[in-house]
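Data first, discussion second: the structure below is written as structure tokens.
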Amino acid sequence: MKEYLHFINGEYVASNDGKTFENRCPVDNRLLGMVHEAGAGEVDQAAKAAKAALSGPWSKLNQAARISLLNKVADRINERFDEFLEAECNDTGKPRSLASHIDIPRGAANFKAFSETLANAPTESFRMDTPDGTGALNYGHRKPKGVIAVISPWNLPLLLMTWKVGPALACGNTVVVKPSEDTPATTTLLGEVMNECGVPPGVFNVVHGFGPNSAGELLTAHPLVDAITFTGETKTGETIMQAASVGLRDISLECGGKNAAVVFADCDMDKAIEGTMRSAFANCGQVCLGTERVYVERSIFDEFVLRLKTEAATLKLGRPESEGVNLGPVVSQKHKAKVMSYYKLAIEEGATVELGGGEPEMGEALNGGAWVEPTIWTGLKEDARVIREEIFGPCCHIQPFDSEQEAIDLANNTPYGLAAAIWTENTAKAVRVSAELDVGICWVNSWFLRDLRTAFGGAKQSGIGREGGVHSLEFYTELKNVCIKL
Ligand code: NAD
């Protein structure tokens, strides 16, 4: 039976009290192995190892040496690509075609992406006059922030974890990672890679467990943690913000969304359908940036609904490795129950089910898995819970609009503000509408097109702070001003 151990100070360790929990594959519910659950002892060990490593050999590496070590980590992930791929597909059930295209290569690339930014980002400098006429020179100096707690979710486990670990280490910090309880494998495997590449012990640590009353809560409350970076639900973000307030620690929160697509009559319909297929159904709808609300200009509404549901009906559900499969299960039985509760609620709230709405018949071997049908609704009122709340499943609601202002108002009518997609061939309109949308990321005629140098984060209840490019430098370093009297 496979065991997922903690990785502390360069070594794999079991929980002192032997406490474990199951890791099951959502494809067929088979038991993949037992995960060790960290208690206060293991979290304390990990935090102390990370703190000590801040003044060990890691701190003696100059920037170029650190960057070259992280490039090695990226290369080694790519060399062990198949192992990472299998681990990720087992934990999440996602199609291999997707994970081999997005999760693993982008997960590795996160260790390289920040090197150039780091090497080329200027810090400010101001020359000032003084009464004696000699003047003074101010300049900014960046230091690593210290021990960073990284709390990550299950939807893109390796990618979203390295999105934080990459820049944190590039800036000279050390980390303690708490991966999602549903997807422990690739984070565990990364420990081996760190050792193979010669990353000093204590720089990268992993503790497994749940959130409340478990590893997550213990880690965010630990006094040796200097800053917390989190991706997950908004409610959890609120709890983590409270934990971070003790000792006034910095936070970066990337939280939930209820993202809109706005499809204008002057769009290129082929592009809009192709993009909305991906934004609503990729990764079985479990992408924070995904579209769950689609607003379509009335004159093309019927055609859009027909084309999207015709296309979505061709999605092929199946095992990650099966030929042509482009839709896996959702991540767990618990999440399936949540998604199915919204499918039921949609009907109670008066939706017209255009497609799906239930559980697919997958055959005996897969029926124990966390399968749900891709689903499209129309006809709900704007105050329906299905329109207001994040479902995080392969589903969307489509609603007509009559004017540009109405589309903007509808898109903004949500407590969330993560992402939006606008579909129009009129550039002036795209610029106008994107300026009005209350989101952190707005795509025009595309979706999920990411340049890692750009800002990433959410407005309103979708998060606090921005990561990516120089914005990651802001979070992962402490900027000090040095003033020299000349
Ligand atoms: P979640 O909030 O349930 O869990 C995320 C992580 O937080 C897990 O590791 C969990 O164990 C931990 N956690 C839970 N409670 C905690 C606590 N009290 N203290 C410390 N840690 C705690 O989220 P999830 O279900 O894993 O992920 C799905 C959510 O993530 C969705 O809401 C999605 O929109 C969001 N998400 C956001 C982004 C983004 O960039 N904005 C990206 C991906 C996912």
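Counting convention: from 1, in listed order, for ligands and their atoms alike. The structure displayed is predicted, hence computed values, not measured ones.
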Those residues that, when tested against S279, pass side-chain hydrogen bond (donor to acceptor under 3.5 Å, both in side chains) (two or more places apart):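 With neighbours one apart ignored, the set is T291.
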Partners meeting side chain to side chain contact (heavy atoms under 4.5 Å, CB included) with S100 (sequence neighbours left out):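 S100 satisfies side chain to side chain contact (heavy atoms under 4.5 Å, CB included) with F81, L85 once adjacent residues are dropped.
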Output all residues satisfying side chain to side chain contact (heavy atoms under 4.5 Å, CB included) with A260, sequence neighbours left out; order by chain, then residue number.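 A260: side chain to side chain contact (heavy atoms under 4.5 Å, CB included) contacts with R293, Y295, A411.
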Can you name the nearest heavy-atom pair linking N367 to P360, along with the distance?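 What the structure gives for the nearest pair is OD1-O, 4.3 Å.
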Please find out if less than 6.0 Å separates the ring center of F204 from that of W58.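 Ring centres of W58 and F204 not closer than 6.0 Å.
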Measure centre to centre between the rings of F21 and F210, then say whether the value is under 6.0 Å.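 For F21 and F210, the ring centres are under 6.0 Å apart.
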Proximal protein residues to ligand 1, non-hydrogen atoms under 4.0 angstrom: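 I151, S152, P153, W154, N155, L160, K178, P179, S180, E181, F210, G211, P212, G216, E217, F230, T231, G232, E233, T236, T239, I240, E254, C255, G256, G257, C288, E390, F392, L418, F456.
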